[in-house]
Amino acid sequence: QVHLVDSGGDSVQSGGSLRLSCVASGYSFSSGCMGWFRQAPGKGREWVAFFTSDGSTGYADSVQGRFTTSQDNAKNTLYLQMNSLKPEDTAMYYCVAAARSLSWWARRLPTQYPYWGQGTQVTVSS
């Protein structure tokens, strides 16, 4: 079965950096799509980034230029490097995976990803 374990969340000051990790088991990086969503208290799940099996990436406007997602196939790990963090980045961050190809628009929809990590909390203080 597919199992995702995300980690790396912490409390940092505004302008700081964090690197989130997602270790995947029972999932092949050679196909499908992975990504990141976040959810702040009282808000819905917000798409952050995706990383497809062919190396395509995409980012929400709110994190463009500050966040970078990448993968290490040998370690079965997906990363989210977050720089220049802002208080509005405070949220629970989730690693997600789909075992099939997703269209450009579907990659941004949480309902398209059957597999989710448990979530890791990121808190950015002013």
All ring-ring contact (aromatic ring centres under 6.0 Å, His included) counterparts of Y93, not counting sequence neighbours: none
Q39: partners by side-chain hydrogen bond (donor to acceptor under 3.5 Å, both in side chains), with sequence neighbours left out: none
Between CD on residue Q112 and CH2 on residue W47, distance to nearest 0.5 Å: 14.0 Å
Test log, rule side-chain contact (heavy atoms from CB on, under 4.5 Å), inputs V48 and Y59: CA-CA 6 Å; V48 175; Y59 302 93; 5.9 Å; no
Validation row: L18, L85 side chains within 4.5 angstrom (heavy atoms): yes
Donor-acceptor pair, side chain of T90 and main chain of V124, under 3.5 angstrom: yes
Over all atoms of both residues, closest heavy-atom pair of T69 and A49: CG2-CB, 4.1 Å
Flag side-chain contact, heavy atom, 4.5 Å: F37 against F50: no
With sequence neighbours excluded, residues passing salt bridge (charged side-chain N to carboxylate O under 4.0 Å, His left out) with R66: D89
Residue list, ring-ring contact (aromatic ring centres under 6.0 Å, His included) with Y94, at least two apart or on another chain: W116
Gap separating the CZ atom of R100 from the OG atom of S53, nearest 0.5 angstrom: 13.0 Å
Gap between atom OG1 of T68 and atom CZ of R19 - 0.5 Å precision: 11.0 Å
Crowding at OH, Y115 (>12 non-hydrogen neighbours, <6.0 Å): no
Close side-chain approach of R38 to S62, heavy-atom, < 4.5 Å: yes
Atom of S126, atom of S14 and distance for their closest heavy-atom approach: CA-CB, 4.3 Å
Cluster check V23, V2: I/L/V/M/F/W/Y, side chain < 4.5 angstrom: no
Remaining members of hydrophobic cluster (4.5 Å side-chain criterion), W104: W105, L109
Atom CD of E88 with >12 non-hydrogen neighbours under 6.0 angstrom: yes
I'd like a table of donor-acceptor pairs (distance under 3.5 Å, sequence neighbours excluded) in which one partner is a side-chain atom from residues 74-81, with atom names and distances.
unit_1 : atom_1 : unit_2 : atom_2 : d
T77    : OG1    : K75    : O      : 2.8
Q81    : NE2    : N83    : OD1    : 3.0

Heavy-atom check, side chain of L20 versus side chain of M82, under 4.5 Å: yes
Where A97 and Y113 come nearest, the two heavy atoms and their spacing: C-CD2, 3.6 Å
Distance, nearest 0.5 Å, that separates CE of M92 from OG1 of T123: 8.5 Å
Note, R107 side chain near T52 side chain (heavy atom, < 4.5 Å): yes
Distance, nearest 0.5 Å, that separates CZ of F51 from SG of C95: 12.0 Å
Atom pair SG (C22) and CG (L4), whose distance is rounded to the nearest 0.5 Å: 4.5 Å
Q118 side chain reached by D6 side chain, heavy atoms, under 4.5 Å: yes
Connected via hydrophobic side-chain network under 4.5 Å: V12 and W36: yes
